[in-house]
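Below you'll find the structure, written out as structure tokens, and then a few comments.
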Amino acid sequence: MNFIKDQLAGYGVSEQMTGYLSNIIMVLFIALLSVLANLIAKKIVLKIIIHVISKDRYSWDNIVLEKKVFHKLSHLAPAFIIYYSASIFPLYQAFIEKSALTYMIIVTITVFNALLNAIDAIYRSFEVSKIRPIKGYIQVAKIILFIIGVIVVISNLIGQNPLIILSGLGALSAVFMLIFKDSILGLVAGIQLSSNDMVRVGDWIEMPKYNADGDVIDITLNTVKVMNFDKTITMIPSYALISDSFKNWRGMQVSGGRRIKRSVHIDTSSICFCTKEMVEEFQKIHYLTDFIMTRLNEIHVYNIEHQINTESKVNGRHLTNVGVFREYIHEYLRNHPKIHKDMTLIVRQLAPGDNGLPLEIYAFSNDINWGVYESVQADIFDHIFAVMPTFGLRAFQNPTGHDIARLKESKEYSSEY
């Protein structure tokens with residue numbers, strides 16, 4: 001600073017202007033040094049570190065690099081220059097040192113936060129993490145880190161010992177917990193919701209306890225706002241999503257498929273072995289031609305090998321109309337343009353009961369849009385009900401008043417003749 005003043009005085013600059021110009025020149029010089037230090041840290045030192053890490057055989061340091069621990073650490077270089085240059089400006093030294101130190105504390109906190117993320121990611125790369133996860137401990141460490149960081153920053157700004165602030169907070173903690181109970185619960189719940197990725201804005205969630213069934217449109221400290229499908233708004237406390245159970249449909253939306261799980265009930269009195277005429281008709285059906293030929297050959301070979309007397313349908317193996325119908329539905333769904341081909345597709349029989357034999361369709365549509373999904377599902381079952389008589393099957397239905405009236409009319413007609 002004195003060298004600059006002497007040079008300016010040598011050029012005949014007044015003493016007052018010398019003070020102003022020397023300060024401006026030093027500020028520019030320190031700014032230039034800070035920029036240079038930042039460039040050296042990021043363009044040279046950081047690149048050397050990245051090169052060394054990418055060439056070694058370890059994977060954990062790559063994770064540390066991915067979490068940008070070294071990138072955040074490089075921000076300290078210009079702060080050190082500014083901090084140690086504060087003595088050049090005696091009038092503003094305290095302010096510059098506090099500002100630079102506050103910045104360095106904040107950067108240090110972000111570095112440790114990134115390091116904790118890296119530790120969690122490294123640990124999750126091992127199989128033991130599935131049995132003994134440490135994510136909860138990492139979250140506690142982060143909370144402690146941020147609390148300590150805030151206290152240190154405040155103590156640095158006000159020039160007090162951090163222990164004094166801690167003792168003051170301890171005396172007021174009971175009052176704070178009573179006044180800000182909901183906010184504290186919401187804060188803790190928000191941390192858990194975000195860190196565990198339990199819910200995001202745009203997710204479709206279902207929570208019957210709060211009559212919530214719709215899309216999340218906002219997440220605040222205390223509440224999660226859900227717009228239901230009837231366009232009403234439900235406000236759910238953030239901590240309720242931690243303490244109570246709810247269903248998040250994000251997995252379905254991300255997968256690109258929406259499940260169809262519905263049964264058609266078959267009247268068991270319509271189930272029978274296939275006659276020769278029925279088999280001939282089934283062979284004309286496009287989806288069943290190959291199946292009928294293959295299965296008939298398989299049954300024929302089996303019956304011959306085991307010397308089965310096929311004069312009685314009870315002996316040996318035979319095609320049934322419900323079995324052929326089940327295969328037809330399976331092939332129909334496999335060839336349906338709106339059914340997801342890479343997801344589970346099952347047509348199965350459930351346990352028969354008072355309502356006949358349930359034949360369940362378990363498949364996924366390839367369009368998750370609600371309207372399209374319902375249309376696809378309706379089209380499939382329209383077709384199933386329409387083709388059932390072709391296979392000699394009847395859908396089960398409890399008698400209605402119309403059925404009873406027709407039965408009564410039939411009896412009256414019979415009695416007249």
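Position 1 is the first residue of the sequence; numbering continues from there. Just so it is clear, the model here is predicted, and its values are computed rather than measured.
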Heavy atoms of other groups near [X] [atom1], more than 12 under 6.0 Å:
X	atom1	value
Lys142	NZ	yes
Phe95	CZ	no
Met293	CE	no
His300	NE2	no

Assess Arg258 against Phe364: is NZ or CZ under 6.0 Å from the centre of the six-membered ring, and within 45 degrees of the ring's axis? no
Using 30° and 60° as the class limits, which term best fits the ring planes of Phe273 and His318: parallel, tilted or perpendicular? perpendicular
Once the angle between the rings of His336 and Tyr332 is folded into 0 to 90°, is it parallel (under 30°), tilted (30 to 60°) or perpendicular (over 60°)? perpendicular
Hey, is the main chain of [Y] close enough, under 3.5 Å, to the side chain of [X] for a donor-acceptor pair?
X	Y	result
Thr289	Gln283	yes
Asp215	Asn228	no
Asn321	Cys272	yes
His383	Asp379	no
Asn369	Gly371	yes
Tyr373	Arg259	yes
Thr294	Asp290	yes
Asn366	Gly256	no
Lys341	Ile339	yes
Asp120	Leu116	no

Which atom pair, heavy atoms only, marks the closest approach of [X] to [Y]?
X	Y	value
Pro352	Pro358	CA-CD, 3.9 Å
Cys274	Val324	SG-CG2, 4.1 Å
Asn156	Lys98	ND2-O, 3.2 Å
Tyr210	Ala240	OH-CB, 3.4 Å
Ala37	Ala77	O-CB, 4.0 Å
Arg326	Val347	CD-O, 3.5 Å

Side chain to side chain contact (heavy atoms under 4.5 Å, CB included) evaluation trace for Ile82 with Phe80: CA-CA 5 Å; Ile82 294 172; Phe80 277 118; over 6 Å; no
[Y] side chain reached by [X] side chain, heavy atoms, under 4.5 Å:
X	Y	result
Arg394	Met388	no
Arg262	Ile361	no
Ile266	Phe391	no
Val201	Ile217	no
Asn211	Thr232	no
Asn248	Arg200	no
Phe246	Glu206	no
Val279	Leu296	yes

Intermediate values then yes/no, side chain to side chain contact (heavy atoms under 4.5 Å, CB included), Tyr362 and Ile260: CA-CA 6 Å; Tyr362 194 102; Ile260 298 172; over 6 Å; no
Euclidean distance, [Y] [atom2] relative to [X] [atom1], rounded to 0.5 Å:
X	Y	atom1	atom2	value
His75	Met104	NE2	CE	14.5 Å
Ile329	Tyr287	CD1	OH	13.0 Å
Ile271	Thr320	CD1	OG1	7.5 Å
Ser255	Trp249	OG	CH2	11.0 Å
Ile236	Lys225	CD1	NZ	12.5 Å
Asp354	Phe396	CG	CZ	7.5 Å

Applying the side chain to side chain contact (heavy atoms under 4.5 Å, CB included) criterion to Ile151, which one of Val153, Ile147, Ile154, Ile148 satisfies it? Ile147
We want to know whether Asp367 and Ser365 form a side-chain donor-acceptor pair, criterion being a heavy-atom distance below 3.5 angstrom. no
Tell me if the aromatic rings of Phe282 and Phe291 count as close, with their centers under 6.0 Å from one another. no
Side chain to side chain contact (heavy atoms under 4.5 Å, CB included) evaluation trace for Met198 with Leu241: CA-CA 9 Å; Met198 296 172 66; Leu241 296 174; 5.5 Å; no
Please assess Ile109 against Leu145 for the test side chain to side chain contact (heavy atoms under 4.5 Å, CB included), listing each intermediate value before the final yes or no. CA-CA 7 Å; Ile109 292 171; Leu145 172 67; 4.2 Å; yes
Salt-bridge test for Glu298 and Arg317: reply yes if a basic N is under 4.0 Å from a carboxylate O, no otherwise. yes
